[in-house]
Protein chains: 2
Amino acid sequence: MATKTSSPCPENKQDWLDCLKASGYRLTSPRRAVVETLANSQRALNATEIYDLAREQYPSLGLVSVYRTLEKLEQLELIQRVHHPDGCQAFIAGFTGHQHLLICQSCGKAEFFEGDNLEMLFERVAQESGYQIQEHWLQFFGFCSKCRTDKD
Amino acid sequence: MATKTSSPCPENKQDWLDCLKASGYRLTSPRRAVVETLANSQRALNATEIYDLAREQYPSLGLVSVYRTLEKLEQLELIQRVHHPDGCQAFIAGFTGHQHLLICQSCGKAEFFEGDNLEMLFERVAQESGYQIQEHWLQFFGFCSKCRTDKD
DNA sequence: TTCGTATTGAAACTGATTTTCAATATCATT
DNA sequence: AATGATATTGAAAATCAGTTTCAATACGAA
């Protein structure tokens with residue numbers, strides 16, 4: 001029942017490209033630009049944000065290619081959609097295994113944590129509701145250490 | 001630490017109208033139609049679904065009024081938005097107090113449960129991440145007893 | 001019943017995402 | 001390294017959800 005937190009890994013950039021290649025997709029400049037941008041981000045980004053950031057390095061990138069690349073990365077489970085009260089269009093580098101998100105309400109910085117222990121709750125809710133529970137979402141919102149300091 | 005599950009209450013229809021009235025809004029046929037439709041639903045509905053259902057009884061209802069009524073009901077916390085892998089535009093009757101959703105992956109039927117006990121997890125994650133945790137989302141997905149039976 | 005005004009539905013508009021399509025770039029094969 | 005089949009591209013058009021505008025209407029206090 002270890003609780004561990006960790007940030008999205010910038011170094012998985014090459015893994016993503018390998019994975020795209022292995023899945024039969026060609027490695028192109030637009031795809032590299034999107035992968036680069038998302039893999040380097042500490043926080044979830046939506047299509048337009050990725051477009052704007054990536055164009056700083058690769059100005060001819062089209063927004064359509066951002067959408068198309070996101071679609072493929074999501075299918076390959078290299079990225080995942082982040083749900084948020086203000087919207088659910090943003091994506092962040094995915095994690096293998098059973099992980100939950102912890103999101104800063106001020107700067108958006110995201111970390112993953114594991115080690116929930118909800119089996120007893122599953123059982124009780126299943127018993128009382130008659131539902132067969134298959135999946136769960138758990139997400140924490142708060143203020144990261146940097147934003148807490150900045151507030152003072 | 002009681003775990004209790006319960007369905008959205010159809011009988012709060014009148015409460016919603018009273019609440020709208022008390023907040024200075026007029027009681028109109030379009031609003032009644034939207035309230036009626038949502039209060040009677042066991043599952044979360046989006047604007048278009050509400051529009052289609054409500055028009056069976058009140059054909060002159062406009063989609064714009066559905067959006068406007070949803071906005072007010074959400075502000076008054078009579079309904080809440082339901083996040084789902086397939087989309088986050090649906091609303092369901094809200095519950096007072098600290099409640100979490102349990103959603104059927106087959107028919108969409110939703111129930112609320114309470115009684116999570118995540119304080120220890122909060123503390124551990126806060127300690128290890130440095131975040132000050134403010135809020136959490138917990139949602140279960142599964143198959144309701146009816147859909148489990150129907151599968152056989 | 002009257003009347004001020006909140007609310008309505010239709011139409012126009014916005015912003016996000018998808019589709020279409022001709023031009024281009026990738027990469028397996030030579 | 002050059003070739004060529006075809007996957008991928010960006011731009012423009014199309015679609016879709018949601019919002020704004022506005023003149024007509026309906027609510028409800030007086």
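In what follows, chains carry the letters A, B, and so on, assigned in the order in which the sequence lines appear, proteins first and then strands, with residues in each chain numbered from 1. No hydrogens, no waters, no symmetry mates; every other heavy atom, side chains included, goes into these values.
Atom CG in A:L61 sits roughly 15 Å away from atom P in C:dA25 (whole-Å rounding). Atom C1' of nucleotide C:dT24 and atom OH of A:Y58 are separated by 10 Å, given to the nearest angstrom. Between the CG atom of B:L73 and the P atom of C:dT7 there is a distance of 13 Å, rounded to whole Å. In this structure, B:D86 places its CG atom 14 Å from P of D:dA17, rounding to the nearest Å. Per the geometry, CG belonging to A:L20 stands 16 Å off P belonging to D:dA7, to the nearest Å. Summarising the geometry, the separation between CZ on B:R81 and P on D:dG18 is reported as 8 Å, rounded to the nearest angstrom. When the P atom of D:dT8 is taken as reference, atom CG of A:L17 falls 14 Å away, rounded to whole Å. A:Q89 has its CD atom 18 Å from the P atom of D:dC16, to the nearest Å.
Residue A:T48 is classed as having no contact, given no heavy-atom separation below 4.0 Å to the nucleic acid. Across all strands, B:L27 comes closer than 4.0 Å only to sugar-phosphate atoms, never to a base (heavy-atom distances).
For A:Y67, no side-chain nitrogen or oxygen approaches OP1 or OP2 of C:dT18 to under 4.0 Å. In this model, the phosphate group of C:dT8 is approached by a side-chain N or O of B:T28 to a distance below 4.0 Å at OP1 or OP2. Side-chain N/O atoms of A:R68 include none lying less than 4.0 angstrom from OP1 or OP2 on D:dT8. Residue A:R31 places at least one side-chain N or O closer than 4.0 Å to OP1 or OP2 of D:dT9.
The residue among B:L63 and A:Y25 whose nearest nucleotide of DNA chain D is located toward the 5' end is A:Y25. Taking for each of A:R55 and B:E71 the nucleotide of DNA chain D with the nearest heavy atom, the 5'-most of the two is the partner of A:R55.
In this model, no donor atom of one side chain and acceptor atom of the other lie less than 3.5 Å apart for B:H136 and A:H100.
Checked against C:dA6, D:dA12, D:dA5, the side chain of A:R26 finds its nearest nucleotide in D:dA5.
Atom CD of A:E77 is surrounded by 12 or fewer heavy atoms from other residues, nucleotides or ligands within 6.0 Å. The number of heavy-atom neighbours closer than 6.0 Å to CD of B:E74, taken from other residues, nucleotides and ligands shown, is above 12.
B:F122 has its ring centre less than 6.0 Å from the ring centre of A:F140.
Counting only residues at least two apart or in different chains, ring-ring contact (aromatic ring centres under 6.0 Å, His included) contacts with residues 20-59 of chain B are absent.
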